[in-house]
Protein chains: 2
Amino acid sequence: MASQTEENYLKALFNLANPEGEINISDLAQQLEVSMPTANSMVKNLQKRGLVQYEKYKPVKLTSVGKKEAALIIRKHRLTEMFLVNKMGFGWEEVHEIAEQVEHIHSPKLFERMDEMMGFPTVDPHGSPIPDKQGRIQNLQLKSLIEANPGQEAVLSALADSSTEFLQYLNSRDLKLGTELKILSKEPFDQSMIVSYGSVEKETLSQKVCEKLLVKIFEAN
Amino acid sequence: MASQTEENYLKALFNLANPEGEINISDLAQQLEVSMPTANSMVKNLQKRGLVQYEKYKPVKLTSVGKKEAALIIRKHRLTEMFLVNKMGFGWEEVHEIAEQVEHIHSPKLFERMDEMMGFPTVDPHGSPIPDKQGRIQNLQLKSLIEANPGQEAVLSALADSSTEFLQYLNSRDLKLGTELKILSKEPFDQSMIVSYGSVEKETLSQKVCEKLLVKIFEAN
DNA sequence: ACAATTTGTTAGACTATTCTAACAAATAAT
DNA sequence: ATTATTTGTTAGAATAGTCTAACAAATTGT
(Lines give C-alpha, C1' and ligand atoms only; values in the text may rest on other atoms or scores of the structure.)
Protein backbone atom coordinates (compact mmCIF):
# COMPACT_ATOMS: atom_id res chain seq x y z
CA MET A 1 0.00 0.00 0.00
CA ALA A 2 1.20 3.49 -0.83
CA SER A 3 2.41 5.62 2.06
CA GLN A 4 0.91 9.04 2.66
CA THR A 5 3.99 10.58 1.07
CA GLU A 6 3.72 8.40 -2.01
CA GLU A 7 0.03 9.26 -2.27
CA ASN A 8 0.91 12.95 -2.26
CA TYR A 9 3.40 12.44 -5.07
CA LEU A 10 0.86 10.51 -7.13
CA LYS A 11 -1.72 13.23 -6.66
CA ALA A 12 0.76 15.94 -7.64
CA LEU A 13 1.84 13.99 -10.72
CA PHE A 14 -1.79 13.58 -11.73
CA ASN A 15 -2.55 17.25 -11.33
CA LEU A 16 0.59 18.52 -13.03
CA ALA A 17 0.43 16.26 -16.07
CA ASN A 18 0.34 18.17 -19.35
CA PRO A 19 -1.97 17.01 -22.17
CA GLU A 20 0.59 14.32 -23.07
CA GLY A 21 0.64 13.16 -19.47
CA GLU A 22 4.20 14.34 -18.87
CA ILE A 23 5.58 16.03 -15.77
CA ASN A 24 8.93 17.74 -15.09
CA ILE A 25 10.78 16.82 -11.97
CA SER A 26 11.28 20.49 -11.14
CA ASP A 27 7.54 21.20 -11.31
CA LEU A 28 6.88 18.18 -9.14
CA ALA A 29 9.47 19.34 -6.60
CA GLN A 30 8.01 22.83 -6.56
CA GLN A 31 4.44 21.62 -6.14
CA LEU A 32 5.36 19.45 -3.18
CA GLU A 33 7.79 21.96 -1.72
CA VAL A 34 10.69 19.53 -1.67
CA SER A 35 14.12 19.75 -3.26
CA MET A 36 14.68 18.37 -6.74
CA PRO A 37 16.85 15.47 -5.54
CA THR A 38 14.07 14.46 -3.19
CA ALA A 39 11.51 14.46 -5.99
CA ASN A 40 13.97 12.63 -8.19
CA SER A 41 14.52 9.84 -5.69
CA MET A 42 10.81 9.43 -5.05
CA VAL A 43 10.18 9.18 -8.78
CA LYS A 44 12.68 6.32 -8.90
CA ASN A 45 10.88 4.68 -6.03
CA LEU A 46 7.50 5.04 -7.75
CA GLN A 47 9.03 3.60 -10.88
CA LYS A 48 10.20 0.51 -9.00
CA ARG A 49 6.65 0.15 -7.74
CA GLY A 50 5.25 0.34 -11.27
CA LEU A 51 3.37 3.56 -10.74
CA VAL A 52 5.34 5.79 -13.10
CA GLN A 53 7.26 5.44 -16.32
CA TYR A 54 10.61 7.15 -16.21
CA GLU A 55 13.98 7.44 -17.92
CA LYS A 56 16.89 9.66 -16.90
CA TYR A 57 16.58 13.26 -18.09
CA LYS A 58 13.13 12.59 -19.54
CA PRO A 59 9.81 13.78 -18.13
CA VAL A 60 7.86 11.45 -15.83
CA LYS A 61 4.54 9.81 -16.80
CA LEU A 62 2.07 7.98 -14.59
CA THR A 63 1.39 4.40 -15.67
CA SER A 64 -2.25 3.38 -15.92
CA VAL A 65 -1.95 1.77 -12.49
CA GLY A 66 -0.46 4.99 -11.09
CA LYS A 67 -3.14 7.06 -12.75
CA LYS A 68 -5.87 4.95 -11.20
CA GLU A 69 -4.31 5.13 -7.74
CA ALA A 70 -4.06 8.89 -8.06
CA ALA A 71 -7.66 9.23 -9.24
CA LEU A 72 -8.88 7.20 -6.28
CA ILE A 73 -7.10 9.50 -3.86
CA ILE A 74 -8.58 12.50 -5.65
CA ARG A 75 -11.95 10.79 -5.39
CA LYS A 76 -11.58 10.65 -1.60
CA HIS A 77 -10.46 14.27 -1.53
CA ARG A 78 -13.40 15.53 -3.55
CA LEU A 79 -16.01 13.41 -1.80
CA THR A 80 -14.68 14.78 1.48
CA GLU A 81 -14.87 18.38 0.28
CA MET A 82 -18.42 17.87 -0.88
CA PHE A 83 -19.37 16.21 2.40
CA LEU A 84 -17.88 19.02 4.45
CA VAL A 85 -19.82 21.62 2.46
CA ASN A 86 -23.12 19.80 2.00
CA LYS A 87 -23.42 17.87 5.23
CA MET A 88 -21.36 19.83 7.72
CA GLY A 89 -21.95 23.41 6.67
CA PHE A 90 -18.40 24.45 5.80
CA GLY A 91 -17.68 27.14 3.21
CA TRP A 92 -16.06 26.08 -0.06
CA GLU A 93 -12.93 28.03 0.88
CA GLU A 94 -12.44 26.08 4.14
CA VAL A 95 -12.51 22.50 2.98
CA HIS A 96 -9.34 21.95 1.01
CA GLU A 97 -6.97 21.74 3.97
CA ILE A 98 -9.18 19.28 5.81
CA ALA A 99 -9.72 17.13 2.71
CA GLU A 100 -5.95 17.11 2.18
CA GLN A 101 -5.71 15.08 5.39
CA VAL A 102 -8.89 13.02 5.15
CA GLU A 103 -7.98 11.79 1.65
CA HIS A 104 -5.32 9.54 3.20
CA ILE A 105 -7.74 7.62 5.38
CA HIS A 106 -8.02 3.95 4.50
CA SER A 107 -11.67 3.06 4.86
CA PRO A 108 -13.75 2.23 1.81
CA LYS A 109 -16.82 2.18 4.07
CA LEU A 110 -16.34 5.78 5.17
CA PHE A 111 -16.18 7.20 1.66
CA GLU A 112 -18.96 5.00 0.36
CA ARG A 113 -21.16 6.22 3.15
CA MET A 114 -20.36 9.85 2.36
CA ASP A 115 -21.10 9.21 -1.32
CA GLU A 116 -24.42 7.57 -0.45
CA MET A 117 -25.47 10.30 2.01
CA MET A 118 -24.92 12.91 -0.69
CA GLY A 119 -26.73 10.97 -3.41
CA PHE A 120 -23.61 10.15 -5.45
CA PRO A 121 -22.48 13.61 -6.52
CA THR A 122 -20.42 13.94 -9.71
CA VAL A 123 -18.60 17.16 -8.91
CA ASP A 124 -17.01 18.69 -5.81
CA PRO A 125 -17.85 22.12 -4.35
CA HIS A 126 -15.51 23.78 -6.87
CA GLY A 127 -17.08 22.02 -9.83
CA SER A 128 -14.23 19.56 -10.30
CA PRO A 129 -15.41 16.10 -11.30
CA ILE A 130 -15.33 13.31 -8.70
CA PRO A 131 -13.64 10.20 -10.16
CA ASP A 132 -15.78 7.06 -9.91
CA LYS A 133 -14.82 3.95 -7.94
CA GLN A 134 -12.82 2.68 -10.91
CA GLY A 135 -10.86 5.93 -11.02
CA ARG A 136 -12.54 7.12 -14.22
CA ILE A 137 -13.13 10.84 -14.60
CA GLN A 138 -15.92 12.30 -16.63
CA ASN A 139 -14.85 15.02 -19.04
CA LEU A 140 -17.20 17.97 -18.87
CA GLN A 141 -15.63 19.96 -21.72
CA LEU A 142 -16.17 23.24 -19.96
CA LYS A 143 -14.72 26.39 -21.45
CA SER A 144 -12.95 29.28 -19.83
CA LEU A 145 -15.13 32.39 -19.58
CA ILE A 146 -12.50 34.16 -21.68
CA GLU A 147 -13.84 32.27 -24.71
CA ALA A 148 -17.35 33.71 -24.34
CA ASN A 149 -18.38 36.73 -26.39
CA PRO A 150 -20.60 39.74 -25.73
CA GLY A 151 -24.25 38.81 -26.11
CA GLN A 152 -23.69 35.26 -24.92
CA GLU A 153 -24.62 33.84 -21.55
CA ALA A 154 -22.52 31.54 -19.43
CA VAL A 155 -23.27 29.37 -16.39
CA LEU A 156 -20.43 29.18 -13.90
CA SER A 157 -19.81 25.45 -13.59
CA ALA A 158 -16.33 24.90 -12.21
CA LEU A 159 -13.10 26.63 -11.25
CA ALA A 160 -9.61 26.25 -12.65
CA ASP A 161 -8.19 27.49 -9.33
CA SER A 162 -9.53 26.59 -5.90
CA SER A 163 -7.13 28.58 -3.76
CA THR A 164 -8.56 30.18 -0.65
CA GLU A 165 -7.78 33.63 -2.02
CA PHE A 166 -9.69 33.07 -5.24
CA LEU A 167 -12.64 31.49 -3.45
CA GLN A 168 -12.80 34.46 -1.11
CA TYR A 169 -12.71 36.81 -4.08
CA LEU A 170 -15.68 34.95 -5.55
CA ASN A 171 -17.51 35.01 -2.20
CA SER A 172 -17.05 38.76 -2.00
CA ARG A 173 -18.68 39.21 -5.43
CA ASP A 174 -21.42 36.70 -4.69
CA LEU A 175 -20.23 34.48 -7.53
CA LYS A 176 -21.18 30.82 -7.00
CA LEU A 177 -21.39 27.67 -9.10
CA GLY A 178 -24.60 27.92 -11.10
CA THR A 179 -24.49 31.70 -11.39
CA GLU A 180 -25.69 32.84 -14.85
CA LEU A 181 -23.45 35.50 -16.32
CA LYS A 182 -24.44 37.77 -19.20
CA ILE A 183 -21.42 38.99 -21.11
CA LEU A 184 -21.92 42.69 -21.74
CA SER A 185 -18.57 43.52 -23.26
CA LYS A 186 -14.98 42.49 -23.67
CA GLU A 187 -12.10 44.95 -23.44
CA PRO A 188 -9.69 44.09 -26.26
CA PHE A 189 -6.81 45.89 -24.55
CA ASP A 190 -6.54 43.86 -21.35
CA GLN A 191 -8.97 41.02 -22.03
CA SER A 192 -11.14 42.03 -19.09
CA MET A 193 -14.90 41.45 -19.34
CA ILE A 194 -17.91 43.33 -18.13
CA VAL A 195 -20.69 41.02 -17.04
CA SER A 196 -23.99 41.10 -15.17
CA TYR A 197 -25.50 38.39 -13.03
CA GLY A 198 -28.14 38.01 -10.32
CA SER A 199 -28.67 41.38 -8.74
CA VAL A 200 -25.29 42.63 -9.95
CA GLU A 201 -25.86 45.03 -12.85
CA LYS A 202 -22.30 45.50 -13.90
CA GLU A 203 -19.06 43.91 -12.76
CA THR A 204 -15.63 43.97 -14.35
CA LEU A 205 -13.70 40.72 -14.28
CA SER A 206 -9.99 40.77 -15.05
CA GLN A 207 -8.43 38.42 -17.58
CA LYS A 208 -6.84 36.50 -14.74
CA VAL A 209 -10.24 35.90 -13.15
CA CYS A 210 -12.02 35.08 -16.42
CA GLU A 211 -9.43 32.42 -17.24
CA LYS A 212 -10.19 30.60 -14.02
CA LEU A 213 -13.96 30.59 -14.37
CA LEU A 214 -15.05 27.46 -16.23
CA VAL A 215 -18.46 27.84 -17.84
CA LYS A 216 -21.07 26.39 -20.11
CA ILE A 217 -21.70 28.96 -22.87
CA PHE A 218 -25.12 29.63 -24.42
CA GLU A 219 -26.38 32.03 -27.05
CA ALA A 220 -28.62 34.48 -25.25
CA ASN A 221 -32.28 34.08 -26.10
CA MET B 1 3.69 19.39 17.10
CA ALA B 2 3.56 15.71 17.93
CA SER B 3 3.93 13.28 15.03
CA GLN B 4 1.30 10.65 14.44
CA THR B 5 3.60 8.10 16.02
CA GLU B 6 4.13 10.21 19.10
CA GLU B 7 0.39 10.74 19.36
CA ASN B 8 -0.13 7.00 19.36
CA TYR B 9 2.39 6.56 22.16
CA LEU B 10 0.71 9.27 24.22
CA LYS B 11 -2.68 7.68 23.76
CA ALA B 12 -1.35 4.26 24.73
CA LEU B 13 0.36 5.68 27.81
CA PHE B 14 -2.85 7.39 28.82
CA ASN B 15 -4.91 4.25 28.42
CA LEU B 16 -2.42 1.91 30.11
CA ALA B 17 -1.76 4.07 33.17
CA ASN B 18 -2.54 2.31 36.43
CA PRO B 19 -4.28 4.24 39.25
CA GLU B 20 -0.93 5.83 40.16
CA GLY B 21 -0.46 6.87 36.55
CA GLU B 22 2.44 4.49 35.97
CA ILE B 23 3.10 2.42 32.85
CA ASN B 24 5.62 -0.38 32.19
CA ILE B 25 7.68 -0.19 29.05
CA SER B 26 6.81 -3.79 28.22
CA ASP B 27 3.08 -3.10 28.41
CA LEU B 28 3.54 -0.06 26.22
CA ALA B 29 5.52 -2.06 23.67
CA GLN B 30 2.92 -4.80 23.64
CA GLN B 31 0.03 -2.37 23.23
CA LEU B 32 1.66 -0.67 20.26
CA GLU B 33 3.02 -3.90 18.80
CA VAL B 34 6.61 -2.69 18.75
CA SER B 35 9.74 -4.14 20.34
CA MET B 36 10.77 -3.06 23.82
CA PRO B 37 13.84 -1.14 22.62
CA THR B 38 11.58 0.83 20.27
CA ALA B 39 9.20 1.75 23.06
CA ASN B 40 12.17 2.55 25.26
CA SER B 41 13.69 4.97 22.79
CA MET B 42 10.37 6.69 22.13
CA VAL B 43 9.89 7.15 25.87
CA LYS B 44 13.24 8.90 26.02
CA ASN B 45 12.17 11.10 23.13
CA LEU B 46 8.87 11.98 24.85
CA GLN B 47 10.83 12.75 27.98
CA LYS B 48 13.04 15.22 26.10
CA ARG B 49 9.85 16.83 24.84
CA GLY B 50 8.50 17.16 28.38
CA LEU B 51 5.57 14.84 27.83
CA VAL B 52 6.60 12.04 30.19
CA GLN B 53 8.51 11.69 33.40
CA TYR B 54 11.02 8.88 33.30
CA GLU B 55 14.06 7.39 34.99
CA LYS B 56 15.95 4.27 33.98
CA TYR B 57 14.37 1.04 35.16
CA LYS B 58 11.41 2.88 36.62
CA PRO B 59 7.88 2.98 35.23
CA VAL B 60 6.90 5.86 32.92
CA LYS B 61 4.41 8.58 33.90
CA LEU B 62 2.76 11.19 31.69
CA THR B 63 3.43 14.77 32.78
CA SER B 64 0.41 17.04 33.04
CA VAL B 65 1.27 18.43 29.60
CA GLY B 66 1.48 14.90 28.19
CA LYS B 67 -1.76 13.94 29.86
CA LYS B 68 -3.54 16.90 28.32
CA GLU B 69 -2.15 16.17 24.85
CA ALA B 70 -3.28 12.57 25.17
CA ALA B 71 -6.74 13.57 26.35
CA LEU B 72 -7.17 15.91 23.40
CA ILE B 73 -6.34 13.11 20.97
CA ILE B 74 -8.80 10.87 22.76
CA ARG B 75 -11.33 13.68 22.52
CA LYS B 76 -10.96 13.67 18.73
CA HIS B 77 -11.22 9.89 18.66
CA ARG B 78 -14.42 9.76 20.69
CA LEU B 79 -16.08 12.70 18.95
CA THR B 80 -15.37 10.94 15.67
CA GLU B 81 -16.83 7.65 16.87
CA MET B 82 -19.96 9.42 18.05
CA PHE B 83 -20.26 11.32 14.77
CA LEU B 84 -19.90 8.16 12.72
CA VAL B 85 -22.63 6.43 14.72
CA ASN B 86 -25.05 9.33 15.19
CA LYS B 87 -24.65 11.22 11.97
CA MET B 88 -23.46 8.65 9.47
CA GLY B 89 -25.30 5.52 10.53
CA PHE B 90 -22.35 3.27 11.38
CA GLY B 91 -22.65 0.52 13.98
CA TRP B 92 -20.74 0.91 17.24
CA GLU B 93 -18.55 -2.04 16.31
CA GLU B 94 -17.40 -0.42 13.03
CA VAL B 95 -16.15 2.95 14.18
CA HIS B 96 -12.98 2.31 16.14
CA GLU B 97 -10.72 1.66 13.16
CA ILE B 98 -11.89 4.76 11.32
CA ALA B 99 -11.58 6.96 14.41
CA GLU B 100 -8.07 5.60 14.93
CA GLN B 101 -7.13 7.41 11.72
CA VAL B 102 -9.34 10.48 11.97
CA GLU B 103 -8.02 11.29 15.46
CA HIS B 104 -4.73 12.43 13.90
CA ILE B 105 -6.31 15.09 11.72
CA HIS B 106 -5.23 18.61 12.62
CA SER B 107 -8.32 20.76 12.27
CA PRO B 108 -9.94 22.30 15.33
CA LYS B 109 -12.80 23.45 13.09
CA LEU B 110 -13.66 19.94 11.99
CA PHE B 111 -14.00 18.56 15.49
CA GLU B 112 -15.80 21.60 16.82
CA ARG B 113 -18.32 21.26 14.03
CA MET B 114 -18.87 17.58 14.82
CA ASP B 115 -19.31 18.46 18.48
CA GLU B 116 -21.81 21.18 17.64
CA MET B 117 -23.79 19.03 15.18
CA MET B 118 -24.21 16.39 17.89
CA GLY B 119 -25.19 18.86 20.61
CA PHE B 120 -21.96 18.49 22.63
CA PRO B 121 -22.17 14.83 23.69
CA THR B 122 -20.36 13.79 26.88
CA VAL B 123 -19.83 10.14 26.08
CA ASP B 124 -18.91 8.14 22.99
CA PRO B 125 -20.94 5.24 21.53
CA HIS B 126 -19.36 2.86 24.04
CA GLY B 127 -20.17 5.07 27.01
CA SER B 128 -16.62 6.31 27.47
CA PRO B 129 -16.45 9.97 28.46
CA ILE B 130 -15.38 12.54 25.85
CA PRO B 131 -12.68 14.82 27.31
CA ASP B 132 -13.53 18.53 27.07
CA LYS B 133 -11.52 21.09 25.08
CA GLN B 134 -9.18 21.54 28.05
CA GLY B 135 -8.53 17.81 28.14
CA ARG B 136 -10.52 17.30 31.35
CA ILE B 137 -12.41 14.04 31.75
CA GLN B 138 -15.53 13.70 33.79
CA ASN B 139 -15.48 10.79 36.19
CA LEU B 140 -18.73 8.89 36.04
CA GLN B 141 -17.99 6.45 38.87
CA LEU B 142 -19.71 3.60 37.14
CA LYS B 143 -19.52 0.14 38.63
CA SER B 144 -18.96 -3.19 37.01
CA LEU B 145 -22.13 -5.27 36.78
CA ILE B 146 -20.34 -7.90 38.87
CA GLU B 147 -20.86 -5.64 41.90
CA ALA B 148 -24.66 -5.68 41.58
CA ASN B 149 -26.71 -8.11 43.63
CA PRO B 150 -29.91 -10.08 43.03
CA GLY B 151 -32.93 -7.87 43.40
CA GLN B 152 -31.11 -4.78 42.18
CA GLU B 153 -31.47 -3.11 38.80
CA ALA B 154 -28.69 -1.75 36.65
CA VAL B 155 -28.59 0.53 33.62
CA LEU B 156 -25.89 -0.35 31.13
CA SER B 157 -23.94 2.90 30.79
CA ALA B 158 -20.50 2.12 29.39
CA LEU B 159 -18.14 -0.69 28.44
CA ALA B 160 -14.76 -1.60 29.82
CA ASP B 161 -13.93 -3.30 26.51
CA SER B 162 -14.84 -1.96 23.07
CA SER B 163 -13.34 -4.69 20.94
CA THR B 164 -15.28 -5.65 17.83
CA GLU B 165 -15.82 -9.16 19.20
CA PHE B 166 -17.37 -7.93 22.43
CA LEU B 167 -19.53 -5.36 20.64
CA GLN B 168 -20.78 -8.08 18.32
CA TYR B 169 -21.57 -10.30 21.29
CA LEU B 170 -23.64 -7.46 22.76
CA ASN B 171 -25.36 -6.84 19.41
CA SER B 172 -26.33 -10.51 19.23
CA ARG B 173 -27.99 -10.33 22.68
CA ASP B 174 -29.62 -6.98 21.94
CA LEU B 175 -27.68 -5.35 24.77
CA LYS B 176 -27.22 -1.60 24.23
CA LEU B 177 -26.26 1.41 26.31
CA GLY B 178 -29.32 2.37 28.33
CA THR B 179 -30.62 -1.20 28.64
CA GLU B 180 -32.12 -1.79 32.09
CA LEU B 181 -31.03 -5.08 33.57
CA LYS B 182 -32.76 -6.83 36.47
CA ILE B 183 -30.40 -9.08 38.38
CA LEU B 184 -32.23 -12.34 39.02
CA SER B 185 -29.40 -14.34 40.53
CA LYS B 186 -25.68 -14.71 40.90
CA GLU B 187 -23.93 -18.04 40.65
CA PRO B 188 -21.35 -18.17 43.48
CA PHE B 189 -19.38 -20.91 41.76
CA ASP B 190 -18.39 -19.12 38.54
CA GLN B 191 -19.58 -15.56 39.24
CA SER B 192 -21.99 -15.71 36.30
CA MET B 193 -25.25 -13.77 36.59
CA ILE B 194 -28.75 -14.42 35.39
CA VAL B 195 -30.50 -11.25 34.31
CA SER B 196 -33.60 -10.11 32.46
CA TYR B 197 -34.00 -7.01 30.28
CA GLY B 198 -36.31 -5.68 27.57
CA SER B 199 -38.07 -8.63 26.02
CA VAL B 200 -35.41 -11.05 27.23
CA GLU B 201 -36.80 -13.06 30.16
CA LYS B 202 -33.64 -14.80 31.18
CA GLU B 203 -30.06 -14.51 30.02
CA THR B 204 -26.90 -15.84 31.60
CA LEU B 205 -23.90 -13.54 31.52
CA SER B 206 -20.47 -14.96 32.28
CA GLN B 207 -18.15 -13.35 34.80
CA LYS B 208 -15.98 -12.17 31.94
CA VAL B 209 -18.91 -10.36 30.35
CA CYS B 210 -20.24 -8.91 33.63
CA GLU B 211 -16.86 -7.40 34.43
CA LYS B 212 -16.90 -5.43 31.21
CA LEU B 213 -20.41 -4.04 31.56
CA LEU B 214 -20.26 -0.72 33.43
CA VAL B 215 -23.54 0.19 35.04
CA LYS B 216 -25.42 2.48 37.34
CA ILE B 217 -26.95 0.34 40.10
CA PHE B 218 -30.37 0.99 41.67
CA GLU B 219 -32.39 -0.77 44.33
CA ALA B 220 -35.41 -2.18 42.51
CA ASN B 221 -38.67 -0.48 43.41
C1' DA C 1 27.51 27.55 -32.40
C1' DC C 2 28.64 28.61 -28.01
C1' DA C 3 27.71 30.70 -23.62
C1' DA C 4 24.31 31.18 -20.09
C1' DT C 5 20.54 29.30 -17.77
C1' DT C 6 17.59 25.84 -16.35
C1' DT C 7 16.81 21.22 -15.27
C1' DG C 8 18.18 16.80 -13.65
C1' DT C 9 21.48 13.59 -11.30
C1' DT C 10 24.73 11.65 -7.91
C1' DA C 11 26.87 11.37 -3.61
C1' DG C 12 26.71 11.77 1.03
C1' DA C 13 24.51 13.03 5.26
C1' DC C 14 20.62 13.63 8.72
C1' DT C 15 16.24 12.45 11.37
C1' DA C 16 12.48 9.47 12.71
C1' DT C 17 11.09 5.07 13.52
C1' DT C 18 11.85 0.59 13.56
C1' DC C 19 14.50 -3.89 14.30
C1' DT C 20 17.84 -7.80 16.49
C1' DA C 21 21.47 -9.24 19.55
C1' DA C 22 23.58 -8.92 23.76
C1' DC C 23 23.63 -7.66 28.29
C1' DA C 24 21.95 -5.75 32.93
C1' DA C 25 18.62 -4.92 36.56
C1' DA C 26 14.60 -6.16 38.99
C1' DT C 27 11.33 -9.50 40.38
C1' DA C 28 9.59 -14.09 41.29
C1' DA C 29 10.20 -18.83 42.69
C1' DT C 30 12.03 -22.36 44.89
C1' DA D 1 19.35 -16.41 49.28
C1' DT D 2 20.29 -17.95 45.04
C1' DT D 3 18.54 -19.12 40.67
C1' DA D 4 15.33 -18.38 37.01
C1' DT D 5 12.40 -15.34 34.70
C1' DT D 6 10.84 -11.09 33.34
C1' DT D 7 11.72 -6.50 32.32
C1' DG D 8 14.59 -2.86 30.71
C1' DT D 9 18.82 -1.04 28.37
C1' DT D 10 22.55 -0.35 25.00
C1' DA D 11 24.62 -0.86 20.70
C1' DG D 12 24.32 -1.20 16.04
C1' DA D 13 21.84 -1.50 11.78
C1' DA D 14 17.84 -0.84 8.36
C1' DT D 15 14.32 2.00 5.82
C1' DA D 16 11.75 6.11 4.39
C1' DG D 17 12.02 10.60 3.42
C1' DT D 18 14.43 14.60 3.51
C1' DC D 19 18.50 17.87 2.74
C1' DT D 20 23.02 20.35 0.52
C1' DA D 21 26.93 20.38 -2.52
C1' DA D 22 28.76 19.33 -6.73
C1' DC D 23 28.36 18.05 -11.26
C1' DA D 24 26.09 16.86 -15.86
C1' DA D 25 22.64 17.26 -19.48
C1' DA D 26 19.32 19.89 -21.90
C1' DT D 27 17.46 24.14 -23.33
C1' DT D 28 17.58 29.08 -24.42
C1' DG D 29 19.40 33.23 -26.29
C1' DT D 30 21.92 35.52 -28.82
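In what follows, every heavy atom counts, from backbone to side chain, and hydrogens, waters and symmetry copies are set aside. Letters go in sequence order (proteins before strands), and every chain restarts at 1. Just so it is clear, the structure is predicted and the values come from calculations on it, not from any experiment.
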Heavy atoms from C-beta onward define the side chain here; which of C:dG8, D:dC19, D:dT18 lies closest to that of A:Thr5? D:dT18
Answer yes or no: is there an ion pair linking B:Arg113 with B:Glu116, defined by an N-O contact shorter than 4.0 Å? yes
Does A:Ser35 make a side-chain N or O approach to OP1 or OP2 of D:dT18 shorter than 4.0 Å? no
Are A:Gln53 and A:Val60 packed together at the side-chain level, in the sense that at least one heavy-atom pair is separated by less than 4.5 angstrom? no
Residue-phosphate contact under 4.0 Å: B:Tyr57 side-chain N/O, D:dT10 OP1/OP2: no
Picking from D:dG8, C:dG8, C:dT10, the nucleotide nearest the side-chain atoms of A:Met36 would be C:dG8
Can you tell me how far apart CG (B:Leu79) and CD (B:Glu112) are? Round to the nearest 0.5 Å. 10.0 Å
When you measure from the side chain of B:Glu6, which nucleotide among C:dG8, C:dT18, C:dT17 comes out closest? C:dT17
Closest to the A:Lys44 side chain, choosing from C:dT10, C:dT17, D:dA11: C:dT10
Between P on D:dT18 and CD on A:Gln4, what's the gap in Å once rounded to a whole number? 11 Å
Determine the interplanar angle of the B:His96 and B:His77 rings, folded into 0 to 90°, and report it as parallel if under 30°, tilted if 30 to 60°, perpendicular if over 60°. tilted
Closest of C:dC19, D:dG8, D:dT18 to the B:Pro37 side chain is C:dC19
